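Beneath this line is the structure, given in structure tokens, with notes to follow.
Per chain, numbering begins at 1; letters A, B, ... match sequence-line order. From a predicted model like this one, the values you see are computed outputs, not experimental measurements. The figures here come from the full heavy-atom set of this structure, side chains too, leaving out hydrogens, waters and symmetry mates.
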Amino acid sequence: MSHIEYLNALNPKQREAVAAAPGHQLVLAGAGSGKTRVLVSRIAWLLQHEPITPANILAVTFTNKAAREMRERLGDILQLPLHSMWVGTFHGLAHRLLRAHWQEADLPQQFQIIDSEDQSRIIKRIHKAMGLDTEKWPPRQSQWFINGKKDEGVRAGNIQDSGDYLVEKLTKVYREYERVCQQNGLVDFAELLLRSHELWLKDATLLAHYQDRFKYILVDEFQDTNSIQYAWLKMLAGKNAFLTAVGDDDQSIYGWRGAKIENIHRFTREFSNTTTVRLEQNYRSTKNILSAANSVIENNCNRLGKELWTEDKAGDLITVYAAYNEVDEAKYIIDSVSEHLRNGVARSEAAILYRSNAQSRVLEEQLLLQGIPYRIYGGMKFFERAEIKDALAYLRLLMNRDNDISFERIVNTPARSIGNVTLTKVREYARGEDSSLFAATRQMLRNNSFSGRATNALSGFIQLMEDVAEEIADLTLPEAIAHVLHRSGLREFFNNDKSEKGKARVENLNELISAARQFEVEENDDLVTAFLSHAALEAGEGQADASEDSVQLMTLHSAKGLEFPIVFIAGMEAGLFPHQMSLDEEKLEEERRLCYVGMTRARQKLYLTYANSRRVYGIENYRQPSRFLREIPKELIESYGAVTQITRPTTFVEKPSYNVASEIADTGLKVGQQVQHKKFGEGVILNYEGSGSHTRIQVQFARHGTKWLVAAYANLSA
DNA sequence: TACGGCCAACTTTTT
DNA sequence: GTTGGCCGTA
């Protein structure tokens, strides 16, 4: 696309942001207002109008996906080589800095990145070593504490002695955790940012170099930045660079993870002469969907103020369906999906969103029942799978024999008869000698410290690692991985598992080799280290068969940034959404933003559903509709299903095309109707099947659960 | 060392 | 109701 063309493709507000004179900018970009287009066009515009090169630009995002997309679109617009431009995630860019300056950052050259599971293992080990009772000191709490502090830019050494016993203890764990990571050459996600920030802080020359280089810094999803990310940006920007912050305070949904919406205010305060542009024209949704979303978000205080509008048609009303229970809700949703599919909608054009993962099960069951392919987002990522992490742990240990975390993971995987008793001895010895587990084992073997069996097993393992390290030295990365899988016995171990799970694991191991093969083409220097970093920083997709056309299921959180023609939000109930644990004012506003995010995913048709009764942890509860439903103007809604009064279903609104509302032939009964049964008492008709004398009716009884009854014998009365 | 049974936990999760 | 983690026994 040429210069003129991309400017012409913008609306006036977008153009104002893109063609602004050099300076700090805040772009408040509403949902679906074309913010990526603006970011990319801004970069193109700067390159054409300012005396700079791609090397002077740094663009940062939160997700790998967003970074990839930005890079691709830049490639489309600009006919320039872009490799010198820094485009990536906060963590990716911080990692790049630390790799380049590992010495100044006081890290070993082969430092490795750990994910939250590795982190949790380390903390558990520390708790054990410190003799902390798991009941009283849940490792999760320590992990939360440590990450929280790091996100604030606070080291264990900086935590004030408050006299608070809890904080004191957690700080001790934090300090020990820092020590273990440093000794093992491990860096967690938060550490990447903290460490690179400190690197600049202590090395003025280095900082000056980067400040001098990056004249323009552009940040996506600014509302999601936490304290350390803000500090990182501010330091890098220095006095001379211009910062463009793009974000939407109404879409801040990660406050619980340390994101600070206040950073938007702080930015306009601390970066002088910031110009603010609001992008409020939405190119995604119909008028009705936007009005509804606007009405909901208006209930939040402390907004920067923004109202989306569109030139699109009014479109369909928002369908609200009140289900009897979660099964009925799922049936309604899947039936509606089927109807859309029959009308020519592709499966991937329909998305079902929910507040918590537990809700997906009922939906899945109905999809399976109707044979509709679906895909669940989130869950286990490729590089997070146990078998993959085992394989990578071998590689990690081969790269750095002092990596105790990897040692612990694989020393007895697959089983080599190295038990806990033996390992406890090794751990104690290592602790005393202040050495790694690998070194300690070797020393103890020399000292004949083990029983015969343990000696054999351990020397076998040590020898294996030494041998394999030599054997793979001259191999390509995929060859090396294949070799490690073979020699470690991992492949055979999973091969012997003939279950579906075992087969899937072997497939994943093969997939790992192909991932390595692909990777090899892209990178070149220290391939193994780069591959391991890549595995940690970009955990990959959740499911392999992403290509098949399928209905999309995901949490509201993972839906951010996506859009679908047809969107269902399930479980619009008080206690579930907003969640029970988010009822205080601040958290409630975040839940409302989450609702806003969910609603604005929809392009043409939005369904909101709730159940009057839902099983939660196996217990049936009666539920109230979510307050967010009440915040939508009635004239934008068409309601179906059982409209509640207090707790009981009373009236029923008919929807012509959906069989739930229609009369069941020859019975004088309707779905949704309240009925009496001699034995089971009071109940509500959920569904029926068959006709004539074969008609069976599904009734949910107040006291006896859900039952299928043959209409001819059941003798149900209204 | 491995498996089975028992108990408690249980919102969201870009890296 | 389901899952993960811990502990006790073959």
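- Side chain of A:Asn64, nearest nucleotide from B:dT11, B:dT15, B:dA2: B:dT15.
- The nearest heavy atom of DNA chain B to A:Glu590 and to A:Phe189 marks one nucleotide each, and the one closer to the 5' end goes with A:Glu590.
- Closest to the side chain of A:Arg140, from the set B:dC10, B:dT15, B:dT12, is B:dC10.
- Side chain of A:Leu537, nearest nucleotide from B:dT15, B:dT11, C:dG5: B:dT15.
- Spacing between atom CH2 of A:Trp256 and atom P of B:dT12 amounts to 8 Å, rounded to whole angstrom units.
- For A:Tyr377 and B:dT13, the shortest distance from a side-chain N or O to OP1 or OP2 is not below 4.0 Å.
- As judged by a 4.0 angstrom heavy-atom cut-off over every strand, A:Tyr254 is placed among the base-contacting residues.
- Of the candidates B:dT13, B:dT15, B:dT1, B:dT13 carries the atom nearest the A:Thr555 side chain, counting heavy atoms from C-beta on.
- Cation-pi geometry between A:Arg99 and A:Phe111 is satisfied (NZ or CZ under 6.0 Å from the ring centre, within 45° of the ring normal).
- For the pair A:Arg125 CZ and C:dC6 C1', the interatomic distance rounds to 19 Å; values are reported in whole Å.
- Here A:Ile418 lies in heavy-atom contact (under 4.0 Å) with sugar-phosphate atoms only.
- Distances from the side chain of A:Asn412 to the nucleotides B:dT15, B:dT1, B:dT13 place B:dT1 closest.
- Taking the six-membered ring where tryptophan is involved, the planes of A:Tyr210 and A:Trp200 are tilted, since the angle between them lies from 30° to 60°.
- Within the 4.0 Å cut-off from OP1 or OP2 of C:dG1, not a single side-chain nitrogen or oxygen of A:Arg361 is found.
- For the pair A:Lys560 and A:Thr422, both in contact range of DNA chain B, the more 5′-proximal nearest nucleotide belongs to A:Thr422.
- Figure legend: A:Arg375 and A:Tyr377 shown as a cation-pi pair, the cationic atom lying under 6.0 angstrom from the six-membered ring centre and within 45 degrees of its axis.
- A:Arg453 comes within contact range of the sugar-phosphate backbone alone, with a heavy-atom separation under 4.0 Å but no base atom that close.
- Nucleotides B:dT13 and C:dG4 have their P atoms positioned 16 Å apart, rounded to a whole Å.
- Base engagement by A:Ser582 is indicated by at least one non-hydrogen atom pair under 4.0 Å involving a base atom.
- Between A:Arg355 atom CZ and B:dT13 atom C1' there is a gap of 11 Å when expressed in whole angstrom units.
- When each of B:dC10, C:dG5, B:dT13 is scored by its nearest atom to the side-chain atoms of A:Lys124, the top-ranked nucleotide is C:dG5.
- The A:Met581 side chain lies nearest to B:dT11 when the options are B:dT13, B:dA2, B:dT11.
- A perpendicular orientation is assigned to the rings of A:Phe628 and A:Phe577, their planes being inclined by more than 60° (bins at 30° and 60°).
- Just one of A:Val219, A:Asp151, A:Leu193, A:Asp224 meets the side-chain contact (heavy atoms from CB on, under 4.5 Å) condition when paired with A:Gln229; it is A:Leu193.
- Counting only distance, with no hydrogens or angles, the side chain of A:Glu384 and the backbone of A:Lys381 share a donor-acceptor pair below 3.5 Å.
- Comparing atom distances between the A:His557 side chain and each of C:dG1, B:dA2, B:dT12 picks out B:dT12 as nearest.
- In terms of phosphate contacts, A:Asn357 brings no side-chain nitrogen or oxygen within less than 4.0 Å of OP1 or OP2 of B:dT11.
- Not one side-chain nitrogen or oxygen of A:Ser356 sits closer than 4.0 Å to the OP1 or OP2 atom of B:dC10.
- With B:dT11, B:dT15, C:dG1 as the choices, the nucleotide that has an atom nearest any side-chain atom of A:Glu591 turns out to be B:dT11.
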